[in-house]
Amino acid sequence: MYTLLVDDPIKTPIKASIDTPIKTPIDDLGRERQDDYAISAEFYDILQAERDEARVRRLYRGHVGSARLGVLDVGAGTGRVTLMSLTESRVAVHAVEPARSMRSPLMTRLASLPADLRMRVTVHPCTLDEAALHGVADVAVCHNTIACLHPAARRALWPAVAEALVPEGVLLIQLPPARLPLRETTYVFPAQRVGQHEYGGLMRSSADGNRIRTRFSYWVRGEGGMGEVLREHTETFWMWPASRAELIGELGESGFAPLPEHTERTEHTERTGHTDHAVLAVRLGPVGAFGAFRQR
């Protein structure tokens, strides 16, 4: 469960600051895109991937494994949900990831897969509304994404998800913090050795107005972690809290209704019989966001 997002990786944030000047990239259509992960992408997998992979399987494996049409991964990042979806289902997978630096390791992972698995996944290098997907999936996942969206952007996402799903499709959302933190919290990532270098980092979260300021600090030490610091970087992201009830209200405007808690199927619920409250599961009805009947 999220605890002020102190122990969770971040995927699609709005960036506040960065300690290294980065030239804004230009995409193939000539549009400028700020890559929010120019610093964090190097450290993301080495510091967080193992823990996140286990979390992804625990939270989403049950629903993904029952998909019959397709799986939509909104904010795919480096591909934890995407890869799990390929191995746990037999359907098409759509991975939506606008950040080039996060998409690069995703593509590297996909390139190492057998051809039959690669044929089932499509990577969309843009936002979901730009991808303009229509009825491609019966299961959608938003993992480590919603907390990092401005409330206006979050509300704009739900109609795009509704368009991408078929009627009665299920959307699984890892919930953001429900409220602002009362005090600054710090989480230190377990250090990881790569040859003669040790990679480390920490994350500090604190309230700032109606937002949560999350500052990542990274470093690389020589001599197996016993030597001097060779490099240091920092990156700051913003997050917005939202309660379960608030999200249910927003989603209802796009035709979604919450599933009964006992049907929020994760490995945790199947093993213990208790709902995993880290995830909100909603189902799309036959009526779309604007009241029009959605054809099957």
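As the structure is a computational prediction, the values presented were derived from the model and not from experiment. Numbers for residues simply follow the sequence, beginning at 1.
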According to a hydrophobic-cluster definition based on side-chain heavy atoms being under 4.5 Å apart (Ile, Leu, Val, Met, Phe, Trp, Tyr only), do [X] and [Y] belong together?
X	Y	value
Phe256	Ile248	yes
Phe43	Leu202	no
Val188	Met203	no
Leu113	Met119	no

Does any part of the side chain of [Y], heavy atoms only, come nearer than 4.5 Å to the side chain of [X], both counted from C-beta?
X	Y	value
Tyr218	Glu42	no
Phe237	Ser40	yes
Leu83	Val56	no
Trp158	Leu284	no
Asp138	Val91	no
Trp219	Arg231	no
Arg80	Arg109	yes
Asp45	Pro105	yes

Working to the nearest 0.5 Å, report the span between [atom1] of [X] and [atom2] of [Y].
X	Y	atom1	atom2	value
Ser85	Leu117	OG	CG	11.5 Å
Arg100	Leu106	CZ	CG	13.5 Å
Trp240	Cys148	CH2	SG	8.5 Å
Asp73	Thr145	CG	OG1	7.5 Å
Arg204	Thr234	CZ	OG1	10.5 Å
Leu175	Ile146	CG	CD1	9.5 Å

May I ask you to decide whether [X] forms a salt bridge with [Y], counting only side-chain N to carboxylate O separations under 4.0 Å?
X	Y	answer
Asp208	Arg215	no
Arg103	Glu97	no
Glu253	Arg155	no

If you take all heavy atoms of [X] and [Y], which pair is closest and at what distance?
X	Y	answer
Ala281	Leu172	CB-CD2, 3.7 Å
Thr214	Phe216	CG2-CE1, 3.6 Å
Ala137	Gly70	CB-O, 3.2 Å
Gly227	Arg221	O-NH1, 3.6 Å
Leu69	Gly135	CD2-O, 3.6 Å
Gln192	Pro190	NE2-O, 3.4 Å

Query raised in the report: Would Val279 and His63 count as a side chain to side chain contact (heavy atoms under 4.5 Å, CB included) if you check the C-alpha gap in whole Å, the side-chain angles of each, and the deciding distance to 0.1 Å?
Result: CA-CA 12 Å; Val279 172; His63 277 287; over 6 Å; no

Verify, without hydrogens or angle tests, whether [X] (side chain) and [Y] (backbone) share a donor-acceptor contact under 3.5 angstrom.
X	Y	answer
Arg193	Gly195	yes
Arg68	Ser66	yes
Arg120	Leu86	yes
Thr108	Ser104	yes
Arg283	Glu168	yes
Gln174	Asn144	yes

Please work out whether the ring planes of [X] and [Y] are parallel, tilted or perpendicular, with thresholds of 30° and 60°.
X	Y	result
Tyr187	Phe189	perpendicular
His124	His94	parallel
His143	Tyr60	perpendicular

Query - Identified side chain to side chain contact (heavy atoms under 4.5 Å, CB included) partner of Leu72 from the options Val81, Leu128, Val141, Val93 - result: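 Only match with Leu72 under side chain to side chain contact (heavy atoms under 4.5 Å, CB included): Leu128.
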
Requested in this report: Step through the shown structure and confirm whether more than 12 heavy atoms of other residues, nucleotides or ligands are within 6.0 Å of CD on Glu246.
Outcome: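 Yes, the 6.0 Å shell around CD holds more than 12 heavy atoms from other groups.
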
Query raised in the report: If you count the non-hydrogen atoms of other residues, nucleotides and ligands that lie under 6.0 Å from CD in Glu184, is the total more than 12?
Result: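 Correct, the count exceeds 12.
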
Requested in this report: Determine, stepwise, if the pair Leu251 / Leu280 fulfils side chain to side chain contact (heavy atoms under 4.5 Å, CB included).
Outcome: CA-CA 11 Å; Leu251 287 156; Leu280 171 62; 3.8 Å; yes

